[in-house]
Engineer: 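Here it is: the structure, laid out below.
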Protein chains: 2
Amino acid sequence: MTTDTLASPATADPDALIADMGLRARAAAKRLAVTATAEKAAALNAAARWLRAKANTILEANARDMEAGKAAGLTSAMLDRLRLDENRLGAIADAVEAVAALPDPVGAIIDRAKRPNGMELERVRVPLGVVGIIYESRPNVTADAAALGLMSGNAVILRGGSEAVHSNGAIHAAFVGGLTEAGLPAEAVQIIPTQDRAAVGALLRAQGHIDIIIPRGGKGLVARVQDEARVPVLAHLDGICHLYIDGSADPDKAVALAVNAKMRRTGICGATETILIDRSYGAPQAIVDALIAAGCEVRGDSAITALSPHVTPASAVDWDSEYLDAIVSIAAVDGIEGALAHIDAHSSRHTDAIVTEDEAAARRFLGEVDSAIVMHNASTQFADGGEFGLGAEIGIATGRLHARGPVALEGLTTYKWLVHGTGQVRP
Amino acid sequence: MTTDTLASPATADPDALIADMGLRARAAAKRLAVTATAEKAAALNAAARWLRAKANTILEANARDMEAGKAAGLTSAMLDRLRLDENRLGAIADAVEAVAALPDPVGAIIDRAKRPNGMELERVRVPLGVVGIIYESRPNVTADAAALGLMSGNAVILRGGSEAVHSNGAIHAAFVGGLTEAGLPAEAVQIIPTQDRAAVGALLRAQGHIDIIIPRGGKGLVARVQDEARVPVLAHLDGICHLYIDGSADPDKAVALAVNAKMRRTGICGATETILIDRSYGAPQAIVDALIAAGCEVRGDSAITALSPHVTPASAVDWDSEYLDAIVSIAAVDGIEGALAHIDAHSSRHTDAIVTEDEAAARRFLGEVDSAIVMHNASTQFADGGEFGLGAEIGIATGRLHARGPVALEGLTTYKWLVHGTGQVRP
């Protein structure tokens, strides 16, 4: 069957394949744009039931991917991202139900106005249309993307990593089941049926068919998508996050925040990579010691290496590194000016935080740091749609247009202007 | 002086020129992002005074452009767009003052939330950063773009049409005067000092220096920008606008709206290009006659040609034409279903309107037509930022991302998330 599909005329021509999927997605999107919240939620809840009912099938499919992954020599970290079990699958189904329970952004009135000539204006949220999502090994993205896309009234075209092809196919089947059960078009959630890389190129060029592409994955993937895409891209780039310990920081908060921001989970984009310590701060030693005690490798400038024999000297490249590992670079800076200058030069504009008891310093930091998320006395590890109360996220946008920071349902919508008149003509 | 500039090393390398302008714009943008509303308004009001005080210089510069334009054989329509006089210059200065009086979007809190762990979240509007604006012959765009950019806290890099080079330079000088008088960096409003087309290419590739490009002009310009740009583009494409006369339309409103929507000004993007008439509508003849009496050429399908010997048969290309002229295509359709299908197939998704007394039909049309602006019983000619109460506009976005419809101050902003904590760490 798979061989048949790959040999079909549609997949022989990647542009034709994507155009065909795009047309069917567009038709589904039109239906979804006028589908009531309860119907969308019903489809998602049905999909969650299918995920649970088909657990054995999905876990078997995942076992095939795991075997192939081992044979292909995937690293243990990659295999861990790929692996599903009863618990993880249960969490995936729970997350789909959680999205079904979120407030529907579609139809919300952003603002309204009455003009002097009596015309009434409304700006109303509507879905983006057809969303393409390109991602790597984690199969839960298939469910997250399908759920967020559907709840926000969009049709989605998914392209997962080849290492998860069987897992993704089995999860996708649960969504087809849920959509069908709820009487909604199955084409609302499509998955590209070939692993041919040319299909990704076709997706990136599919102006008119695809309204936006969201890449989720490593730097290489995002860079390729940004470079090749002719359709708009909502990109998530590096998370080179900073924690600045101001001279007026509370020492207990400073230690707790430094350890949590760096070490809670080192592989997420909101993990702090560089800590900046005000030269006037009284207890830098405790921060360095606590990080080392927590198992973190510390690379520092000369002021920091002087604090502990376990600190190694940082090189220039450290200040621009997203380690995603138990490594931190620490620099001493001259107060908030020094911190702002360092962050301006090295931040990836994802999330940066200040630790201080000085409200004026906090206000200045929040005002001047030009990042998607700026925090005062909180761990950068909170940079997450779920933690922000958005229910879920499709990614954290580091660009400036459309949506910035955690992107959830609202980020998958646009708006239109409605004008209610009584026959007004323009003078 | 101009020759010196053109021969300088910077302009010899367009990428270096744009990088240099971009760095200076970035520095200015940082300053503008934290500049108070009153200071920005003061700079704009000072610029307006300079525009009035330097009227003779600006009109002389314009006269040079007009002479060159005539010599180059510009059409009378192009010369009219290029031409300035006392009145037009006064209107330009008035418009700058009007922008200075608009509410400042920067710093506005979009929403806020308190998390169960006590963290407080705010989404706050901030400027986009550095905005590149590429436009054609009308010199007033120089002032509009500078005013909207500055008031929204952005630095702008302007590239006008070569035919308006002296006029644009003279208007730009008034902004430099206003900025300097108000103590703000003159680099907040820069104009590319060479007419070399390679500079446009460099601008379109200037990722990191330019946050967004806004092209204002004809199809050719916008298409080139969309094709070549590596930085995000906020584009305004065609305005193939429709007016649908429903079976339940009021005949007086139908005639008045048809004539106004088509004929008030035929060259603007919100002008109706195609009128759709429900076959069940009782008075189609009056609409056709009124348009012909108003001096409009009418091209129709067979049902419409049957109404008047002055109607010529429409060909397939008419339904996809933006005439920007006193020409209209008219088709008979089978009720709202037929209208929705025609609009879906042919609209450029700019502005479409329904004329009807049937509220249910209006609701369906407003709900299902997927255009930036959808109107009920109002002329499509109202599609304009000023008419919408936005004070001014930098264009009408026909894409779906970031901003849609008239783009004014808010469309030139993004937001950041502020997190106010008391030492929260993520469990």
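Chain letters run A, B, ... following the sequence lines, proteins first and then strands; every chain starts at 1. Everything numeric here is computed off the predicted structure, so don't read it as measured data.
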Engineer: Counting only non-hydrogen atoms closer than 4.5 Å, does A:Leu121 touch chain B with its backbone (N, CA, C, O), its side chain (CB onward), both, or neither?
Structural biologist: side chain

Engineer: I'd like to know which of A:Arg115, A:Lys253, A:Arg265, A:Glu357 tops the heavy-atom pair count under 4.5 Å against chain B.
Structural biologist: A:Arg115

Engineer: Kindly give the heavy-atom pair with the smallest separation between B:Leu366 and A:Lys416, and that separation in Å.
Structural biologist: O-NZ, 2.7 Å

Engineer: Please classify the contact of A:Val425 with chain B as side chain, backbone, both or neither, using a heavy-atom distance under 4.5 Å.
Structural biologist: both

Engineer: Below 4.5 Å, heavy-atom pairs only: which of B:Pro427, B:Gly129, B:Ala33, B:Ala113 has the largest tally toward chain A?
Structural biologist: B:Pro427

Engineer: Ignoring hydrogens and geometry, is there a side-chain-to-backbone donor-acceptor pair from B:Arg404 to A:Tyr415 under 3.5 Å?
Structural biologist: yes

Engineer: At a heavy-atom separation under 4.5 Å, does A:Asn260 approach chain B through its side chain, its backbone, both, or neither?
Structural biologist: side chain

Engineer: If you define the side chain from C-beta out and look only at heavy atoms, does anything of A:Glu368 sit under 4.5 Å from B:Val34?
Structural biologist: yes

Engineer: Between B:Val374 and A:Leu418, is there a side-chain heavy-atom distance shorter than 4.5 Å?
Structural biologist: yes

Engineer: Taking side chain as everything from C-beta outward and backbone as N, CA, C, O, which of these in B:Arg123 sits under 4.5 Å from a heavy atom of chain A? Side chain, backbone, both or neither.
Structural biologist: side chain

Engineer: Counting only heavy atoms closer than 4.5 Å, note whether A:Ser371 contacts chain B via side chain, backbone, both or neither.
Structural biologist: backbone

Engineer: Hey, does A:Ile212 have a side-chain heavy atom less than 4.5 Å from the side chain of B:Arg400?
Structural biologist: no

Engineer: Quick one: what part of B:Glu120 sits under 4.5 Å from any heavy atom of chain A, side chain, backbone, both or neither?
Structural biologist: neither

Engineer: Check each atom of B:Thr380 against the heavy atoms of chain A and say whether the ones under 4.5 Å are side chain, backbone, both or neither.
Structural biologist: neither

Engineer: Which region of A:Asp252, side chain (C-beta onward) or backbone (N, CA, C, O), has a non-hydrogen atom less than 4.5 Å from a non-hydrogen atom of chain B, or is it both or neither?
Structural biologist: neither

Engineer: Measure A:Pro116 against the heavy atoms of chain B and call it side chain, backbone, both or neither at under 4.5 Å.
Structural biologist: neither

Engineer: If I measure from the heavy atoms of chain B, does A:Ala229 come under 4.5 Å with its side chain, its backbone, both, or neither?
Structural biologist: backbone

Engineer: Would you mind checking which part of A:Asp250 comes under 4.5 Å of any heavy atom in chain B, side chain (CB onward), backbone (N, CA, C, O), both or neither?
Structural biologist: neither

Engineer: Between A:Arg230 and B:Gln226, is there a donor-acceptor pair closer than 3.5 Å when you use the side chain of the first and the backbone of the second?
Structural biologist: yes

Engineer: Need one label for A:Val124: side chain, backbone, both or neither, based on atoms under 4.5 Å from any heavy atom in chain B.
Structural biologist: neither

Engineer: For B:Gln207, is it the side chain, the backbone, both or neither that has a heavy atom under 4.5 Å from a heavy atom of chain A?
Structural biologist: neither

Engineer: In Å, rounded to the nearest 0.5 Å, how long is the span from NZ of B:Lys30 to CG of A:Asp370?
Structural biologist: 8.5 Å

Engineer: Identify the two heavy atoms, one from B:Gly421 and one from A:Ala378, that lie closest to each other, and give their separation to 0.1 Å.
Structural biologist: CA-CB, 4.3 Å

Engineer: Between A:Gln381 and B:Arg426, which heavy-atom pair has the shortest distance, and what is it?
Structural biologist: O-NH1, 2.8 Å

Engineer: Between B:Met119 and A:Phe382, what is the shortest heavy-atom contact and its length?
Structural biologist: SD-CD1, 3.6 Å

Engineer: Testing the basics here: between B:Trp417 and A:Gly405, what is the closest heavy-atom pair and its distance to 0.1 Å?
Structural biologist: NE1-CA, 3.9 Å

Engineer: Is B:Asp211 close to A:Leu401 at the side-chain level, that is, under 4.5 Å between some pair of heavy atoms?
Structural biologist: no

Engineer: Could you look at B:Val259 and say if it's the side chain, the backbone, both or neither that has a heavy atom under 4.5 Å from chain A?
Structural biologist: neither

Engineer: Under 4.5 Å heavy-atom distance to chain B, tell me which part of A:Glu410 shows up: side chain, backbone, both or neither.
Structural biologist: side chain

Engineer: Quick one: which of A:Gly399, A:Gly367, A:Ala383 has the most heavy-atom pairs under 4.5 Å with chain B, could you say?
Structural biologist: A:Gly367

Engineer: Among B:Thr413, B:Val233, B:Asp227, who wins on heavy-atom pairs under 4.5 Å with chain A?
Structural biologist: B:Asp227

